[in-house]
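Heads up: the structure comes next, in structure tokens.
In this text, all values refer to a predicted model and were calculated from it rather than measured experimentally.
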Amino acid sequence: MARIAVFGASGSIGHRVVSEALDRGHQVTAVVRDPAKVTRSHPALEVLGGDVLDPASVTVAARGQDALVSAVGGNDAEGHEALIEPSAQALVAGLHALGAEAPRLIMVGGAGSLRTPEGGQLWDTPGLPDQVVRIMRSHGAALDYLRSIASEVRWTNLSPAAQIESGVRKGAYRTALEELVIDEDGRSWISTEDYAKAVVDEIEQPAHIGRRFTVGY
């Protein structure tokens, strides 16, 4: 059993990570700005108020955990720009305060910086709306920051496929490091349910400490 704290636990990805971890027998702390948003009751679930942009709050949530998951996101480009890279900085600062006792950090990433079969990056695809590109680049900036800290914390960034949405938990997926995972029909996609499975799989069987990886069907 692992002890896992999840920032953004009431969001579309975060609440599925919480459910996946609980269903697999882990102890979970759901960290949200408004604890009233977490309505699920479970003997292995604790709900904690916290702010991912406050290093002191991160330290409180991370203390005694085996893994700290950040699944936060903004509603639009402005929200992502104000949250994603700044939260990465606050998470690292909060973990630094715990020294050698700091848990692993697993941060939900974006697909924009992944390489396409054409050799470019997804965010360079012609015709993408500006709002989408800005969201992608906010995740790219957070990834660049994580890479800049080298081994200061044990971090992992998990990029989804180009398309991620609620669907069926198939229980299987494929992984890559810097390239989009594309199926035989040319589609890059993953359900939020299987993305959450990949998060918990990485907690149970660490394979990407200090690097980014991606998942898709």
Side-chain angles (χ1 to χ4, degrees), residues 1-98 101-110 135 138-139 142 145-146 153-160 164-166 169 191-204:
M1 180 194 75
R3 295 162 296 177
I4 305 167
V6 181
F7 273 96
S10 61
S12 61
I13 292 176
H15 90 267
R16 288 178 172 87
V17 172
V18 169
S19 294
E20 179 76 19
L22 290 173
D23 290 347
R24 288 159 68 165
H26 299 297
Q27 182 76 38
V28 179
T29 300
V31 190
V32 292
R33 293 182 65 89
D34 181 4
K37 289 186 177 181
V38 180
T39 58
R40 177 171 181 174
S41 177
H42 190 285
L45 176 65
E46 176 186 0
V47 181
L48 177 68
D51 181 357
V52 74
L53 295 176
D54 177 9
S57 184
V58 171
T59 300
V60 170
R63 183 174 285 113
Q65 306 290 344
D66 298 305
L68 179 66
V69 177
S70 176
V72 299
N75 294 323
D76 52 22
E78 290 77 9
H80 279 78
E81 289 166 348
L83 181 62
I84 303 303
E85 183 182 11
S87 69
Q89 295 171 352
L91 287 159
V92 170
L95 291 173
H96 271 166
L98 295 174
E101 296 181 357
R104 286 185 64 194
L105 170 63
I106 299 180
M107 192 166 182
V108 169
I135 289 171
S138 70
H139 283 285
Y145 170 72
L146 291 176
V153 299
R154 293 174 297 150
W155 64 269
T156 298
N157 185 280
L158 175 51
S159 290
I164 179 170
E165 59 186 17
S166 178
R169 184 185 185 280
S191 71
T192 48
E193 289 80 2
D194 280 319
Y195 180 92
K197 170 177 162 51
V199 171
V200 180
D201 285 349
E202 176 66 23
I203 292 172
E204 292 181 347

Look only at the side chain of [X] and the backbone of [Y], and say whether a donor-acceptor pair between them is shorter than 3.5 Å.
| X | Y | result |
| --- | --- | --- |
| Ser57 | Val52 | no |
| Arg63 | Glu101 | no |
| His26 | Leu22 | no |
| Gln27 | Ala44 | yes |

Taking atom [atom1] of [X] and atom [atom2] of [Y], what is their separation to the nearest 0.5 Å?
| X | Y | atom1 | atom2 | answer |
| --- | --- | --- | --- | --- |
| Leu158 | Glu202 | CG | CD | 8.0 Å |
| Ser12 | Tyr195 | OG | OH | 10.5 Å |
| Phe7 | Leu105 | CZ | CG | 10.0 Å |
| Ile84 | Tyr145 | CD1 | OH | 14.5 Å |
| Leu53 | Arg33 | CG | CZ | 7.5 Å |

#### Entry: Residue that, paired with Val6, satisfies side chain to side chain contact (heavy atoms under 4.5 Å, CB included) out of Val72, Leu68, Thr29, Val18
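Only one of Val72, Leu68, Thr29, Val18 forms a side chain to side chain contact (heavy atoms under 4.5 Å, CB included) with Val6, namely Val18.
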#### Entry: Residue pairs involving residues 55-81 (criterion ring pair (Phe, Tyr, Trp, His ring centres under 6.0 Å); sequence neighbours excluded)
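Counting only pairs at least two positions apart or across chains, the ring pair (Phe, Tyr, Trp, His ring centres under 6.0 Å) contacts touching residues 55-81 are His80-His139.
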Work out which heavy atom in [X] is nearest to a heavy atom in [Y]; give both atom names and the distance.
| X | Y | answer |
| --- | --- | --- |
| Ala61 | Val31 | CB-CG2, 3.9 Å |
| Met107 | Ala142 | CE-CB, 4.1 Å |
| Asp51 | Val58 | O-CG2, 4.3 Å |
| Ile164 | Ser191 | CG1-C, 4.3 Å |
| Asp54 | Ala90 | N-CB, 4.2 Å |
| Glu193 | Ser166 | OE2-OG, 3.4 Å |

### Task
Count the heavy atoms of every other residue, nucleotide or ligand shown that sit under 6.0 Å from CG of Asp76, and state whether that count exceeds 12.
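Counting neighbours around CG of Asp76, more than 12 heavy atoms of other residues, nucleotides or ligands fall under 6.0 Å, so yes.
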### Message
Using a 6.0 Å cut-off, check whether atom CZ of Arg169 has over 12 heavy atoms from anything other than its own residue.
### Response
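Check passes, neighbour count above 12.
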### Task
Taking the side chain as every heavy atom from C-beta outward, state whether Asp23 and Val200 have any pair of such atoms under 4.5 Å apart.
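Side-chain contact under 4.5 Å: no.
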### Validation row: Val69, Ile203 side chains within 4.5 angstrom (heavy atoms)
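Result yes, sub-4.5 Å side-chain heavy-atom pair found.
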Carboxylate-amine/guanidinium contact [X] [Y], below 4.0 Å:
| X | Y | answer |
| --- | --- | --- |
| Lys197 | Glu20 | no |
| Asp201 | Arg24 | yes |
| Asp66 | Arg104 | no |

